[in-house]
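Here the structure is a predicted model, which is why all the values come from computation and not from measurement.
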Amino acid sequence: MFSTRTSRISAGAACLVAAFAGATVSAASANGDGSAIPTYKEFKASTYVDVDGAYVVNGDEAISTDGDLKKFYERLVGPEDTQADGLIVNTVGGVDDKWSASQVANLTYCVSTKFGTRHDDIVNAMAAGAGLWEAASSKVNFVYVAAQDGSCTTRNNSVLFSVEPVQTSQYIARAFFPSTSKRQRNVLVDDSIWTSGNWEPGDILGHELGHTLGFRHEHTRPESGTCFEDNNWRPLTPYDSSSIMHYPQCNGGSSDLEFQASDAAGVRALYGS
């Protein structure tokens, strides 16, 4: 259990570097030398802080405050209690982290004009990613509000979230959960989205929009055997290594990050058909 806890902390920090970068992070092998569990201070110091002040964990998930990061750390060092199955939804205090029925039908967003010549490409990629979830459930509706693009930041209260450019080597794109505070409720996208091989921009943003709906990484499931994150999730469907929410580099069953029937079943299970 001692080495397992150490490995889980390493995975929580290291996966942020590996996200969509092709590296393999294994919870079974990380820090397998029996080294001591890092203190919270050490863990915090090793965690990437994004341009908006958010801590980025598990590759592409934002944590807003020091207090929330401490809770994340405590879950990593806490007793391991793996669950059996699911396309999985994030939980907060044992409650599903999801939007209300009225809000999920009106998920408004803007796309920053700071994308410059790539602005229309991002608009199209967002539409493609949103369309994957919308086609699976009539209850889900992402609404692009182009009139807000000129002031597209987390401070814009005319939209639920913003889509903004970022320059980083830490990830291709980063998102949030429904429980995330407004000041970190954004999808940040690096230019590397255009040079990601057979991972199409629409699928990458489809993955990120899965997080905005409340879905966790499928590879935190025990069946993956690697990239374990934590146990704050509830199963919705049987495990699918090819899920759009499963990093290909974490023993994924697909290399192209495509939307699967299990993903469609998961969103219907959470929000309805």
Side-chain angles (χ1 to χ4, degrees), residues 15 18-22 58-61 85-90 96-99 104-107 109 111 121-144 160-161 163 171-178 187-190 192-221 223-224 227 229 233-273:
C15 271
F20 294 118
N58 296 335
D60 59 351
E61 300 168 7
D85 56 359
L87 178 66
I88 54 179
V89 60
N90 189 49
D96 289 352
D97 189 0
K98 58 181 287 191
W99 301 108
V104 79
N106 190 37
L107 300 169
Y109 68 92
V111 177
D121 295 328
I122 291 291
V123 169
N124 292 334
M126 278 292 295
L132 297 173
W133 300 102
E134 292 170 335
S137 170
S138 63
K139 308 298 183 182
V140 175
N141 187 29
F142 288 93
V143 181
Y144 171 43
L160 188 68
F161 68 95
V163 182
Y171 54 78
I172 294 175
R174 186 214 85 185
F176 60 92
F177 290 121
V187 175
L188 299 181
V189 185
D190 182 72
S192 56
I193 195 172
W194 311 117
T195 55
S196 298
N198 59 342
W199 299 343
E200 298 177 0
D203 290 334
I204 292 172
L205 291 179
H207 173 100
E208 299 306 327
L209 292 178
H211 287 316
T212 73
L213 290 170
F215 296 114
R216 288 291 303 274
H217 289 137
E218 183 79 343
H219 51 256
T220 197
R221 285 277 319 279
E223 289 92 334
S224 173
C227 296
E229 297 170 355
W233 45 268
R234 180 177 72 85
L236 296 168
T237 69
Y239 171 71
D240 185 356
S241 64
S242 297
S243 167
I244 196 171
M245 300 310 298
H246 198 303
Y247 285 171
Q249 69 268 28
C250 292
N251 286 345
S254 172
S255 63
D256 55 6
L257 208 70
E258 292 288 335
F259 195 81
Q260 304 295 326
S262 61
D263 300 317
V267 71
R268 288 193 292 268
L270 188 62
Y271 289 109
S273 29

Sub-4.5 Å side-chain heavy-atom contact between V189 and V187: yes
CE-CG distance between M245 and L257, expressed to the nearest 0.5 angstrom: 8.5 Å
For K98 against L270, the heavy-atom pair lying closest together: NZ-O, 2.8 Å
Ring geometry between Y247 and H219 (parallel below 30°, tilted from 30 to 60°, perpendicular above 60°): tilted
Minimal non-hydrogen separation, M126 against L209, with atom names: CE-CD2, 3.9 Å
C227/T220 under side chain to side chain contact (heavy atoms under 4.5 Å, CB included): CA gap, chis, key distance, verdict: CA-CA 6 Å; C227 296; T220 197; over 6 Å; no
Nearest heavy atoms of G206 and I244, plus distance in Å: C-CD1, 4.0 Å
4.5 Å side-chain heavy-atom contact, R234 and D96: yes
Between CD on residue E229 and CD1 on residue I88, distance to nearest 0.5 Å: 7.5 Å
Heavy-atom check, side chain of F215 versus side chain of N90, under 4.5 Å: no
Interatomic distance, W199 atom CH2 to S192 atom OG [nearest 0.5 angstrom]: 10.0 Å
Minimum heavy-atom distance between D203 and D256, given as atom pair plus value: OD2-O, 3.9 Å
E218 and S224, any side-chain heavy atoms less than 4.5 Å apart: no
Stepwise side chain to side chain contact (heavy atoms under 4.5 Å, CB included) test for N141 and L107: CA-CA 6 Å; N141 187 29; L107 300 169; over 6 Å; no
Side chain to side chain, T212 and F177, heavy atoms closer than 4.5 Å: no
Reported CG-to-CD1 distance for the pair L205 and I122, which is rounded to 0.5 angstrom: 6.0 Å
Atom pair NE2 (H211) and CG (D97), whose distance is rounded to the nearest 0.5 Å: 12.0 Å
Side chain to side chain contact (heavy atoms under 4.5 Å, CB included) between W194 and D121, worked out: CA-CA 10 Å; W194 311 117; D121 295 328; 3.3 Å; yes
Chi angles and distances behind the ring-ring contact (aromatic ring centres under 6.0 Å, His included) call for H217, H207: CA-CA 9 Å; H217 289 137; H207 173 100; 5.3 Å; yes
Close side-chain approach of S196 to I172, heavy-atom, < 4.5 Å: yes
Over all atoms of both residues, closest heavy-atom pair of S262 and D240: OG-OD2, 2.7 Å
Where N251 and Y239 come nearest, the two heavy atoms and their spacing: O-OH, 4.4 Å
Close side-chain approach of L213 and W133, heavy atoms under 4.5 Å: yes
side-chain hydrogen bond (donor to acceptor under 3.5 Å, both in side chains) between S243 and D263, intermediate numbers included: CA-CA 6 Å; S243 167; D263 300 317; 2.6 Å; yes
SB check E208 R174 (cutoff 4.0 Å): no
Ring geometry between F161 and F142 (parallel below 30°, tilted from 30 to 60°, perpendicular above 60°): perpendicular
